[in-house]
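Every chain is numbered from 1, with letters handed out A, B, ... down the list of sequences.
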Amino acid sequence: MTDALISCKDLTFRYDGRTAVTNLSFQINSGDYLCVVGENGSGKSTLVSGLLGLKKPYFGSICFENGLKQTDIGYLPQQTEIQKDFPASAYEVVISGRLGTEGLFPFYRKKDKDMASEHMEQLGISHLRNQCYKELSGGQQQRVLLARALCAAKRMLILDEPVSGLDPVVAAELYRLMLKINKELNITVVMVTHDIRSAAAHGTKILHMDGQPLFFGSTADYIRSEAYHKITGGGHRNV
Amino acid sequence: MFNLMAELFSYPFIARAVVVGILVSLCAALLGVSLVLKRYSMIGDGLSHVGFGTLAAATALNVAPLTVSVPVVVLAAFLLLRLTENSRIKGDAAIALISTSSLAIGVVVISLTTGMNTDVCNYMFGSILAMSRNDVTLSIVLSIVVLILFVVFYHRIFAVTFDETFARAVGMKTGLYNMLIAVLTAVTIVLGMRMMGVLLISSLIIFPALTSMRICKRFFTVTISSAIISAACFFVGMILSYEFATPTGASIVLVNIFVFLLYWVIGIGMRKAVQK
């Protein structure tokens, strides 16, 4: 008996008629902070779709273990175009994260409202509650979406390029928050990023892919690995 | 003013039209918020043209127009949604394709049967005289069902509108809710079509939402404000059309345009005030 939450075996995904991911096997354990790194088009986002159940693998299997359910997973998507002029208050966005778990009851219960407020408090955005989402700064918007993801995440959080488009200070802040979520709330974090240095600085495990897996293992091993040196030119001490 | 209203409501057909009109305006406004934000504004227009085709066919076959139109337009809504999602043909092109086809079929059917006459004009631009007593009962029942379903699924409609991928990722059946939105829209359009006219019904969907978004910042306030604006514009437009003997649909759209411009200016003023 391991404490694995998700085991992927021999995964192959096809996307628009071409193979995006081949022969990928790895597992995500409870409490992990896994960073999935790779260039654009290396199949990271396809893998995320697979983990979220949005895309069926062409070959291989994704097994949820130890009672993990799809509705236990929260998700922070890449920002899409439509959200940028959407009339919605921060609170409305955050609490919508509760909808996946609610069953058929049409309205929010007290528990849902408390949870939304609690997560906004944790991320320091309580004062933005009634502000319009589109008028917030990039970092604030990202926190709102993170709070929404937390409302849905009972055991695992999947983040797709959470810091892209943010300035370095705000990005660092977000990394710190993620670490706090991982440690204090005991939520397994899976983060997709192309920022390899930050991934190596924060994650406990690394999956480096380029269509096929180049490396999977602990961060300490990764920094000594060939895949890492190829990308960073061996400059890991400057992280 | 009061005399005018009393006079207006002394005609049973106008009283019926007002009741149905307000209910349909409410439905259209509520759904409109989601449709506009999902970039589906033109679906309303496409569906109304399909509705025109079915109305023409129903008249030719001498069957009750609503009972034919509702299922066919609902079907068309499914089809349009599918096309927009798995787009080989791009969504807007698909809508244009379907709407012009239906329009052409409708016009040909009419000219072969009753001939091009005032009926066609009424279909195109609407007439409050178009509603029979049976239609009114059915319209009231259906629009109340639409309103109830909207309220029950309000939060889910918000989630699907705001971020469909997230909603699907956390386990919501987004396909189902998209279908729900499409079906409710189809029903609303068929109900409002003969009063507002094929060419104008989509304004009932688009205007209140766009108007509210000039000022309101929250989904909830946009929704409420759209409902109020829509019902109010309908009522005022109706009175104006009676007073000046102008077509009902067009009068209502004119009132909507006026309110839109008003909100737009207020919105600009508010933003300027915030910047200072």
> Do other residues, nucleotides or ligands put more than 12 heavy atoms under 6.0 Å from A/E121 CD?
Replying inline: no
> Hey, which of A/S96, A/A88, A/G53 has the most heavy atom pairs under 4.5 Å with chain B?
Replying inline: A/A88
>> Once rounded to the nearest 0.5 Å, what's the spacing between atom CZ of B/R168 and atom CG of A/L52?
In response: 10.0 Å
>> Please classify the contact between A/V93 and chain B as side chain, backbone, both or neither, with a heavy-atom cut-off of under 4.5 Å.
In response: both
> Is chain A contacted by the side chain of B/F220, its backbone, both, or neither, given a heavy-atom distance below 4.5 Å?
Replying inline: both
>> So for B/V222, is it side chain, backbone, both, or neither that comes closer than 4.5 Å to the heavy atoms of chain A?
In response: side chain
>> Quick check on B/V151 against chain A: is it the side chain, the backbone, both or neither that has a heavy atom closer than 4.5 Å?
In response: both
>> How close do A/L99 and B/M172 get, counting heavy atoms only, and between which atoms?
In response: CB-SD, 3.6 Å
>> I'd like to know which of A/E135, A/E92, A/Q131, A/Q70 tops the heavy-atom pair count under 4.5 Å against chain B.
In response: A/E92
> Quick check: are there more than 12 heavy atoms from other residues, nucleotides or ligands sitting under 6.0 Å from OH of A/Y58?
Replying inline: no
>> Nearest 0.5 angstrom please: B/D163 CG to A/F86 CZ, how far?
In response: 9.5 Å
> What do the steps show when you test B/T165 against A/L54 for side-chain contact (heavy atoms from CB on, under 4.5 Å), and what is the final call?
Replying inline: CA-CA 8 Å; B/T165 317; A/L54 302 179; 3.7 Å; yes
> Contact part of B/F166 toward chain A, heavy-atom cut-off under 4.5 Å: side chain, backbone, both or neither?
Replying inline: both
>> Does atom NZ (A/K55) have a neighbourhood of more than 12 heavy atoms from anything else shown, all under 6.0 Å?
In response: yes
> Among B/F162, B/F158, B/F219, whose ring pair (Phe, Tyr, Trp, His ring centres under 6.0 Å) with A/Y133 holds?
Replying inline: B/F162
> Once the angle between the rings of A/F107 and B/H155 is folded into 0 to 90°, is it parallel (under 30°), tilted (30 to 60°) or perpendicular (over 60°)?
Replying inline: perpendicular
>> So, using side chain to side chain donor-acceptor pair (under 3.5 Å) as the criterion, who are the partners of B/T221 when residues are at least two apart?
In response: none
